[in-house]
Amino acid sequence: MFSSEYPEDRMTVTPAPFTADDYKARMERAARSAADAGLAGVLVAPGPDMVWLTGYSPTADTERLTMLVLAPGRDPVLVVPTLEAPDAAKAVGADALTLRDWTDGKDPYAVTAPLLDASGRFGVSDNAWAMHLIGLQKTLPDTSYASLTEALPMLRAVKDAAELERLTAAGEAADATYEEIKKVAFAGRRETDVAGDLAGLLRQFGHSQVDFTVVGSGPNGANPHHEAGERVIENGDMVVLDFGGLKHGYGSDTSRTVHVGEPTAEERRVHDVVREAQAAGCAAVRPGAACQDVDRAARAVITEFGYGQYFIHRTGHGIGVTTHEPPYMIEGEEQPLVPGMCFSVEPGIYLPGRFGVRIEDIVTVTEDGVRRLNSTSRDMAIVS
């Protein structure tokens with residue numbers, strides 16, 4: 001479909017899989033973090049947290065209770081429906097935990113309750129079903145709960161070397177996608193056509209999952225999360241491209257803004273301001289700096305040039321086994337940056353009814369500063 005200048009072997013190398021010991025260490029870390037936060041434990045429903053902690057993801061989104069229980073000083077226990085137990089036992093992390101199953105017709109909360117401190121406060125994964133949390137509260141009325149984003153926002157934030165390897169590979173695949181998409185025709189085609197090209201390229205370069213392909217042309221670019229539509233891209237349009245997904249289970253997310261034909265002086269000026277703001281945001285990344293410092297640095301540039309009211313979103317978000325997760329680069333977030341944290345730096349300017357510009361890289365905090373996981377040019381690209 002597309003020809004690529006990127007070495008094929010670089011795009012197809014598969015990292016070594018995570019081991020039972022990796023998952024055991026993560027579960028132990030989660031239990032220690034819970035204790036440090038004054039929690040009696042962590043309750044994890046199917047979703048990104050469970051995949052990260054155990055390697056297990058149920059084959060179907062089910063209403064039957066499935067819950068990982070982690071508590072300081074206790075062995076991890078995964079409560080599963082009996083009919084799902086064989087699949088759960090095959091998960092790589094299953095060797096580091098105990099499976100406890102329950103059959104239809106039985107009370108799953110009665111099975112889970114003995115694993116919990118009857119008067120404890122627990123962190124609960126954000127995507128837990130409300131009916132399961134209410135069921136536990138009815139069974140153990142003296143327990144209380146907090147979302148993991150609130151209670152343990154840093155649980156998945158600091159990546160180890162193996163995770164950084166996967167995020168780096170995902171970033172390289174997104175970069176390869178951008179280099180190829182600049183070669184396709186834009187003018188005369190619908191936004192959805194270009195979005196389809198982006199999705200195809202991400203998969204060509206190894207993504208197993210495409211999460212988003214934003215193509216905001218002309219006035220649609222002034223909507224940061226515009227979904228590609230039927231608008232036909234015209235000569236003279238600024239086009240915001242924002243795309244990403246999962247490769248080897250870890251996320252990519254990058255934005256570049258291209259122009260169809262020659263831009264006006266104003267369009268160049270706005271693009272230059274955003275590029276300078278993005279550079280300032282990246283330069284603010286270092287161990288010990290607060291998350292909000294990244295937002296402040298990028299926002300100060302845009303405000304200085306008179307576009308402050310048109311920068312209408314946070315400067316960045318974490319990335320890992322999901323493409324959006326804590327921490328967030330936003331005013332008021334005082335969480336210090338530490339080596340291994342990975343997040344986006346993506347300032348933008350959005351002029352309603354006219355056009356928008358966004359430039360985004362994923363970065364990781366190093367021992368002495370920052371490393372970008374995206375390396376494509378941040379200059380305005382001219383496309384046909």
* **Distance in Å, L246 CG paired with Q209 CD, rounded so as to fall on 0.5 Å steps** =>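 These two atoms lie 4.0 Å from each other.
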* Evaluation steps, side chain to side chain contact (heavy atoms under 4.5 Å, CB included), between N374 and V363 -> CA-CA 8 Å; N374 296 106; V363 304; over 6 Å; no
* To do: Give a yes or no on whether V240 and L202 share a hydrophobic cluster (residues Ile, Leu, Val, Met, Phe, Trp, Tyr; joining criterion: side-chain heavy atoms under 4.5 Å apart).
  =>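 No: no chain of side-chain contacts under 4.5 Å links V240 to L202.
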* Is a side-chain N or O of D142 found less than 3.5 angstrom from the main chain of A118, in a donor-acceptor match? ->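 Judged by distance alone, no pair lies under 3.5 Å.
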* Asked: Relative to F18, does R26 satisfy both conditions: NZ or CZ under 6.0 angstrom from the six-membered ring centre, and within 45 degrees of the ring's axis?
  ->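 Yes, a cation-pi geometry holds between R26 and F18.
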* To do: Can you measure from OG (S377) to OH (Y178) and round to the nearest 0.5 angstrom?
  =>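 The OG atom of S377 sits 6.5 Å away from the OH atom of Y178.
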* Asked: Salt bridge between E262 and R268, side-chain N to carboxylate O under 4.0 Å?
  ->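 So E262 pairs with R268 through a salt bridge.
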* Asked: Around atom CZ of R100, are there more than 12 heavy atoms of other residues, nucleotides or ligands at under 6.0 Å?
  ->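 No, the 6.0 Å shell around CZ holds no more than 12 heavy atoms from other groups.
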* Asked: Would you say H132's side chain and E63's backbone share a donor-acceptor pair under 3.5 angstrom?
  ->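 Looks like yes, one N/O pair under 3.5 Å.
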* To do: Taking the side chain as every heavy atom from C-beta outward, state whether P263 and H271 have any atom pair closer than 4.5 Å.
  =>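 The answer is no, as the side chains (C-beta and beyond) never meet within the 4.5 Å cut-off.
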* To do: Mind checking the SG-CD spacing from C291 to E334? Nearest 0.5 Å is all I need.
  =>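 Here the rounded value is 10.0 Å.
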* In the single-linkage hydrophobic clustering (I, L, V, M, F, W, Y; side-chain heavy atoms under 4.5 Å), do I330 and I319 co-cluster? ->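 Each belongs to a different hydrophobic cluster.
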* Does any donor atom in the side chain of H313 or E346 lie under 3.5 Å from an acceptor atom in the other side chain? ->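 H313 vs E346: no donor-acceptor pair found between side chains.
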* Got a donor-acceptor contact below 3.5 angstrom from the K90 side chain to the Y56 backbone? ->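 No; zero donor-acceptor contacts below 3.5 Å.
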* Does the D237 side chain pair with the main chain of E234, one donor and one acceptor, at a distance under 3.5 Å? ->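 Judged by distance alone, yes, a pair lies under 3.5 Å.
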* Asked: Yes or no on salt bridge (Lys or Arg N to Asp or Glu O under 4.0 Å) for E165 and K159, after CA distance, side-chain angles and deciding distance?
  -> CA-CA 10 Å; E165 179 185 8; K159 274 63 180 181; over 6 Å; no
* Asked: So how far is it from F243 CZ to D211 CG, rounded to the nearest 0.5 Å?
  ->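 It is 13.0 Å, given to the nearest 0.5 Å.
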* Asked: With the 4.5 Å side-chain cut-off for hydrophobic clustering, are V239 and V184 part of the same group?
  ->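 V239 and V184: one cluster.
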* Indicate yes or no: does R231 engage E191 in a salt bridge with an N to O separation below 4.0 Å. =>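 Judged by the 4.0 Å cut-off on N to carboxylate O distance, R231 and E191 do not form a salt bridge.
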* Indicate yes or no for a side-chain donor-acceptor contact from H259 to the backbone of G236 under 3.5 Å, with no hydrogens or angles considered. =>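 Yes, H259 side chain to G236 backbone: donor-acceptor pair under 3.5 Å.
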* **E227 atom CD, neighbour heavy-atom count above 12 within 6.0 Å** =>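 Open.
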* To do: Show your reasoning for whether side chain to side chain contact (heavy atoms under 4.5 Å, CB included) applies to M154 and M341.
  => CA-CA 9 Å; M154 293 292 289; M341 289 172 63; 3.6 Å; yes
* Just checking, is any N or O donor in the side chain of T315 or D295 under 3.5 Å from an acceptor N or O on the other one? ->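 Result is yes, a qualifying pair exists.
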* So, does T54 use its side chain to make a donor-acceptor pair with the main chain of V51 at under 3.5 Å? ->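 Here the side-chain-to-backbone pair does not exist.
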* **CG on L65 to CH2 on W102, rounded to 0.5 Å** =>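 Answer rounded to 0.5 Å: 6.5 Å.
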* Would you confirm whether R190, through its side chain, and A228, through its main-chain N or O, come within 3.5 Å as a donor-acceptor pair? =>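 Looks like no, no N/O pair under 3.5 Å.
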* To do: Could you tell me whether the side chain of R378 reaches within less than 4.5 Å of the side chain of D361, counting heavy atoms only?
  =>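 Sidechains of R378 and D361: in contact.
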* **Closest non-hydrogen atom pair between V210 and A199, with its separation** =>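 Where V210 meets A199 most closely, the heavy atoms are CG2-O, 3.9 Å.
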* Asked: How many angstroms lie between OH in Y250 and CD1 in I362, if you round to the nearest 0.5 Å?
  ->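 Between Y250 OH and I362 CD1, I get 14.5 Å after rounding to 0.5 Å.
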* **Electrostatic pair D293-R286, nearest N-O below 4.0 angstrom** =>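 Salt bridge absent between D293 and R286.
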* Verify same cluster id: I359, F305 (apolar side-chain graph, 4.5 Å) ->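 Same cluster: I359 reaches F305 through Ile, Leu, Val, Met, Phe, Trp or Tyr contacts under 4.5 Å.
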* Same hydrophobic cluster for V92 and V44, using side-chain heavy-atom links shorter than 4.5 Å among ILVMFWY? ->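 Same cluster: V92 reaches V44 through Ile, Leu, Val, Met, Phe, Trp or Tyr contacts under 4.5 Å.
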* To do: Say whether, by atom type as modelled, one donor and one acceptor occur between the side chain of R358 and the main chain of P224 under 3.5 angstrom.
  =>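 Flag set: sc R358 to bb P224 pair under 3.5 Å.
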* Given side chains that start at C-beta, do those of L97 and M27 come closer than 4.5 Å, heavy atoms only? ->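 A side-chain contact under 4.5 Å exists here.
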* Asked: Can a salt bridge be assigned to the pair E84 and R64 using a cut-off of 4.0 Å between side-chain N and carboxylate O?
  ->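 Answer for the salt bridge query: no.
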* Side-chain touch L116/L43, heavy atoms, less than 4.5 angstrom ->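 L116 vs L43: side chains touch.
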* Asked: If you look at every heavy atom in G120 and A40, which pair is closest and at what distance?
  ->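 Result for this residue pair: CA-CB, 3.8 Å.
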* Give a yes-or-no answer on whether the side chains of H207 and S252 include a donor-acceptor pair shorter than 3.5 Å. =>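 Checked: H207/S252 side chains pair up, N/O donor to acceptor below 3.5 Å.
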* State, to 0.1 Å, how close L148 and L155 come at their nearest heavy-atom pair, and which atoms those are. =>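 Looking at all heavy atoms of both residues, the shortest contact is CD1-CD2, 4.2 Å.
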* Donor-acceptor side-chain pairing of E163 and W52 below 3.5 angstrom ->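 Yes, because at least one side-chain N or O of E163 sits under 3.5 Å from a partner of the opposite role on W52.
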* **Heavy-atom pair with the smallest gap, counting every atom of G206 and K247** =>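 So the minimum-distance heavy-atom pair works out to O-CG, 3.4 Å.
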* To do: Return yes if some donor-acceptor pair links the side-chain N/O of S125 with the main-chain N/O of A45 below 3.5 Å, else return no.
  =>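 Side chain of S125 to backbone of A45, a donor-acceptor pair under 3.5 Å: yes, one is there.
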* Please report the shortest heavy-atom distance between A146 and A151, naming the atom on each side. =>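 It is CB-CB, 4.1 Å.
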* To do: For the residue pair H317 and H324, categorise the inter-ring angle as parallel (less than 30°), tilted (30 to 60°) or perpendicular (more than 60°).
  =>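 The arrangement is parallel - the two ring planes meet at less than 30°.
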* To do: Go through the steps for K24 and D95 under the test salt bridge (Lys or Arg N to Asp or Glu O under 4.0 Å), then give the verdict.
  => CA-CA 9 Å; K24 179 181 179 182; D95 289 344; over 6 Å; no
* Are the side chains of L167 and T364 in touch, meaning some heavy atoms are under 4.5 Å apart? ->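 No, their side chains stay 4.5 Å or more apart.
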* To do: Please check if any side-chain donor atom of R371 sits under 3.5 Å from a side-chain acceptor atom of T366, or the reverse.
  =>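 Not at all, the side chains of R371 and T366 share no donor-acceptor pair under 3.5 Å.
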* To do: Verify the distance criterion only: is there a donor paired with an acceptor across the side chains of E360 and T254 at less than 3.5 Å?
  =>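 Result is no, nothing qualifies.
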* NZ/NE/NH1/NH2 to OD/OE distance under 4.0 Å, D242 and R256 ->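 Salt bridge absent between D242 and R256.
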* Asked: Just by distance, with hydrogens left out, do T323 and D253 show a side-chain donor and acceptor under 3.5 Å apart?
  ->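 Judged by distance alone, the side chains do not pair up.
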* To do: Say whether T19 and D22, considering side chains only, have a donor N or O and an acceptor N or O under 3.5 Å apart.
  =>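 Short answer, yes.
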* Asked: Thinking salt bridges, do R269 and D272 make one under a 4.0 Å N-O criterion?
  ->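 Looking at R269 and D272, the cut-off is not met.
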Identify all side-chain donor-acceptor contacts of residues 66-77 below 3.5 Å with residues at least two apart in sequence or on another chain.
residue: R74; atom: NH1; partner: L115; partner atom: O; Å: 2.6

* Asked: Cut-off 3.5 Å, side chains only: do E180 and T177 have a donor facing an acceptor?
  ->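 The answer is no; no qualifying pair exists.
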* **Over all atoms of both residues, closest heavy-atom pair of A37 and L152** =>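 For A37 versus L152, the nearest heavy atoms are CB-CD2, 3.8 Å.
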* What's the verdict on side chain to side chain contact (heavy atoms under 4.5 Å, CB included) for I349 and I302, showing C-alpha distance, side-chain angles and the deciding distance? -> CA-CA 8 Å; I349 293 174; I302 291 175; 3.9 Å; yes
* Asked: Within the side chain of E325, is there an N or O that forms a donor-acceptor pair under 3.5 Å with the backbone of G318?
  ->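 It does not hold such a pair.
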* Verify side chain to side chain contact (heavy atoms under 4.5 Å, CB included) between Y109 and V111, making sure each step is shown before the conclusion. => CA-CA 5 Å; Y109 311 112; V111 173; over 6 Å; no
* Pi-cation contact, F311 with R299 (under 6.0 Å, within 45°) ->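 Yes, R299 and F311 form such a contact.
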